[in-house]
Asks: 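Below is one structure. I have some questions about it.
Counting starts at 1 for both ligands and their atoms, in listed order. Worth saying up front: this structure is predicted, and the values here are computed from it rather than measured.
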Amino acid sequence: MVHAKTWILKKHFEGSPTNSNFELKTVELPPLKNGEVLLEALFLTVDPYMRIAATKLKEGDVMMGQQVARVVESQNSAFPTGTIVLAHSGWTMHSISDGKALEKLPTGWPDTLPLSLALGTVGMPGLTAYFGLLEICGVKGGETVMVNAAAGAVGSVVGQIAKLKGCKVVGAAGSDEKVAYLKKIGFDVAFNYKKVESLEETLKKASPDGYDCYFDNVGGVFSNTVICQMKKFGRIAICGAISTYNRTGELPPGPPPENMIYQQLRMEGFIVTTWQGEVREKALKDLLKWVLEIKREHEED
Ligand SMILES: NC(=O)c1ccc[n+]([C@@H]2O[C@H](COP(=O)([O-])OP(=O)(O)OC[C@H]3O[C@@H](n4cnc5c(N)ncnc54)[C@H](OP(=O)(O)O)[C@@H]3O)[C@@H](O)[C@H]2O)c1
Ligand SMILES: *[C@@H]1O[C@H](CO)[C@@H](O)[C@H](O)[C@H]1NC(C)=O
């Protein structure tokens with residue numbers, strides 16, 4: 001009998017999440033059936049999207065999410081014992097899968113590379129940065145890119161891909177340590193948005209000609225200030241709106257229409273899972289290659 005330690009959503013969020021929203025339970029798992037595998041979690045991920053996605057759970061459901069797991073018992077020849085997989089098992093130490101939704105690590109993954117990166121730079125957040133910047137923003141060398149939550153899982157990859165593509169990158173983050181980190185990983189300009197006197201002046205100084213691409217992770221009034229500084233035919237990728245995820249009241253006002261119209265801006269929301277099959281495989285291959293090329297410590301939370 002396997003006893004799985006599992007975090008459940010005990011009570012739906014209201015405003016900021018607290019401990020009382022969650023409960024740690026022990027669940028007894030049944031024996032494996034033919035075709036099934038038993039997974040043991042090595043790394044779980046906690047992502048901002050869960051703040052929204054959890055509204056669709058029932059109270060008492062397992063918190064959702066991807067994990068890197070090891071197959072510890074197998075009745076499925078495609079996933080022998082010891083195989084490392086990505087699974088959508090949620091916040092649980094053990095789970096049973098029929099193998100259908102399991103994914104192996106990208107080919108060429110070296111033994112020395114931390115497996116947790118499969119949930120970060122070489123996983124969903126990295127893919128989000130990749131497709132948002134290259135497909136939705138359609139960034140070209142020589143352009144200027146603005147990204148917020150820039151030291152986060154998505155934002156830090158946005159900045160680094162933009163640099164690889166020959167762009168100028170400006171990033172906003174919420175602490176001086178994060179700003180120092182952004183400079184270390186190659187951002188041309190980085191600032192602490194909590195400390196600047198005027199966001200407008202800071203953005204103007206960072207790029208007096210304005211911005212070609214805005215990769216938005218945050219939303220809200222911050223975005224309205226950036227949008228007023230877009231160049232003509234600028235592109236805005238709406239990736240996330242983390243500043244609004246805990247809200248209990250009204251949404252803040254939307255983007256200023258004059259700028260959208262006269263600068264002829266294009267704003268597009270996107271979801272990373274839109275890109276599947278070969279394009280996704282190619283993206284993971286690129287991300288893995290870039291990670292291996294950069295001889296630097298991997299910073300993860
Ligand atoms: N569209 C998609 O398919 C997709 C996929 C993945 C993620 N996303 C979105 O992408 C965004 C970033 O995700 P991530 O995984 O990179 O997150 P993350 O690593 O957890 O980073 C989140 C960061 O956002 C910043 N933040 C939080 N509240 C803020 C506020 N009120 N104003 C400004 N910044 C705030 C914080 O950094 P500071 O200290 O800098 O404030 C926080 O550390 C999220 O909005 C997420 O929902 C979208
Ligand atoms: C949302 O709530 C969480 C948990 O209390 C907190 O860590 C986070 O900073 C909050 N986010 C915002 C944007 O207020």
Asks: So that I can tick it off, tell me whether Lys184 and Glu299 are bridged by a salt bridge, with the cut-off set at under 4.0 angstrom between side-chain N and carboxylate O.
Replies: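 Looking at Glu299 and Lys184, the cut-off is met.
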Asks: Please indicate, with yes or no, if any protein heavy atom is found under 4.0 Å from atom 7 (O) of ligand 2?
Replies: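 It does not; no protein heavy atom is within 4.0 Å.
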Asks: Distance under 4.0 Å to a non-hydrogen atom of Asn246: what atoms of ligand 2 satisfy this?
Replies: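 Near Asn246, meaning under 4.0 Å from one of its heavy atoms, ligand 2 has 1 (C), 2 (O), 3 (C), 8 (C), 10 (C), 11 (N), 12 (C), 14 (O).
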Asks: If we ignore hydrogens and angles and just use 3.5 Å, is the side chain of Gln263 paired with the main-chain N or O of Met260 as donor and acceptor?
Replies: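 No; zero donor-acceptor contacts below 3.5 Å.
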Asks: In terms of side-chain heavy atoms, does Asn148 have a donor or acceptor partner in Tyr193 at a distance below 3.5 Å?
Replies: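 No, Tyr193 and Asn148 have no side-chain donor paired with an acceptor closer than 3.5 Å.
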Asks: Atom CD in Gln75, atom CD in Glu36: separation rounded to 0.5 Å?
Replies: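 Answer for the CD-CD pair, Gln75 versus Glu36, is 8.5 Å.
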Asks: Which atoms of ligand 2 have any heavy atom of Ser16 under 4.0 Å away?
Replies: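 Answer for ligand 2: 1 (C), 2 (O), 5 (O).
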Asks: Let me check something: do Tyr214 and Val147 share a hydrophobic cluster, defined by ILVMFWY side-chain heavy atoms less than 4.5 Å apart, either directly or through other members?
Replies: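 Different clusters: Tyr214 never reaches Val147 through Ile, Leu, Val, Met, Phe, Trp or Tyr contacts under 4.5 Å.
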Asks: To the nearest 0.1 Å, how far is atom 13 (C) of ligand 2 from its closest protein heavy atom, and which atom is that?
Replies: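 The answer is Ile242 O, 3.8 Å.
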Asks: Polar pairs, ligand 1 vs protein, N/O only, below 3.5 Å.
Replies:
{"unit_1": "ligand 1", "atom_1": "1 (N)", "unit_2": "Cys239", "atom_2": "O", "d": "3.0"}
{"unit_1": "ligand 1", "atom_1": "1 (N)", "unit_2": "Phe270", "atom_2": "O", "d": "2.8"}
{"unit_1": "ligand 1", "atom_1": "3 (O)", "unit_2": "Val272", "atom_2": "N", "d": "2.8"}
{"unit_1": "ligand 1", "atom_1": "10 (O)", "unit_2": "Asn217", "atom_2": "OD1", "d": "3.3"}
{"unit_1": "ligand 1", "atom_1": "16 (O)", "unit_2": "Ala153", "atom_2": "N", "d": "3.1"}
{"unit_1": "ligand 1", "atom_1": "16 (O)", "unit_2": "Val154", "atom_2": "N", "d": "2.7"}
{"unit_1": "ligand 1", "atom_1": "19 (O)", "unit_2": "Ala153", "atom_2": "N", "d": "2.8"}
{"unit_1": "ligand 1", "atom_1": "34 (N)", "unit_2": "Tyr193", "atom_2": "OH", "d": "3.2"}
{"unit_1": "ligand 1", "atom_1": "37 (O)", "unit_2": "Lys178", "atom_2": "NZ", "d": "3.1"}
{"unit_1": "ligand 1", "atom_1": "39 (O)", "unit_2": "Gly174", "atom_2": "N", "d": "3.4"}
{"unit_1": "ligand 1", "atom_1": "39 (O)", "unit_2": "Lys178", "atom_2": "NZ", "d": "2.6"}
{"unit_1": "ligand 1", "atom_1": "40 (O)", "unit_2": "Gly174", "atom_2": "N", "d": "2.7"}
{"unit_1": "ligand 1", "atom_1": "41 (O)", "unit_2": "Tyr193", "atom_2": "OH", "d": "2.4"}
{"unit_1": "ligand 1", "atom_1": "43 (O)", "unit_2": "Lys178", "atom_2": "NZ", "d": "3.3"}
{"unit_1": "ligand 1", "atom_1": "45 (O)", "unit_2": "Asn217", "atom_2": "O", "d": "2.9"}
{"unit_1": "ligand 1", "atom_1": "45 (O)", "unit_2": "Tyr245", "atom_2": "OH", "d": "3.2"}
{"unit_1": "ligand 1", "atom_1": "47 (O)", "unit_2": "Tyr245", "atom_2": "OH", "d": "2.7"}

Asks: Given side chains that start at C-beta, do those of Val291 and Leu113 come closer than 4.5 Å, heavy atoms only?
Replies: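 Val291 vs Leu113: side chains touch.
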Asks: Can you confirm whether the side chains of Asp47 and Thr45 place a donor and an acceptor under 3.5 Å from each other?
Replies: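 Yes, because at least one side-chain N or O of Asp47 sits under 3.5 Å from a partner of the opposite role on Thr45.
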Asks: Out of the candidates Phe43, Trp7, Phe22, only one should pair with Trp91 under the ring pair (Phe, Tyr, Trp, His ring centres under 6.0 Å) rule; please name it.
Replies: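 For Trp91, the ring pair (Phe, Tyr, Trp, His ring centres under 6.0 Å) test succeeds with only one of Phe43, Trp7, Phe22, which is Phe22.
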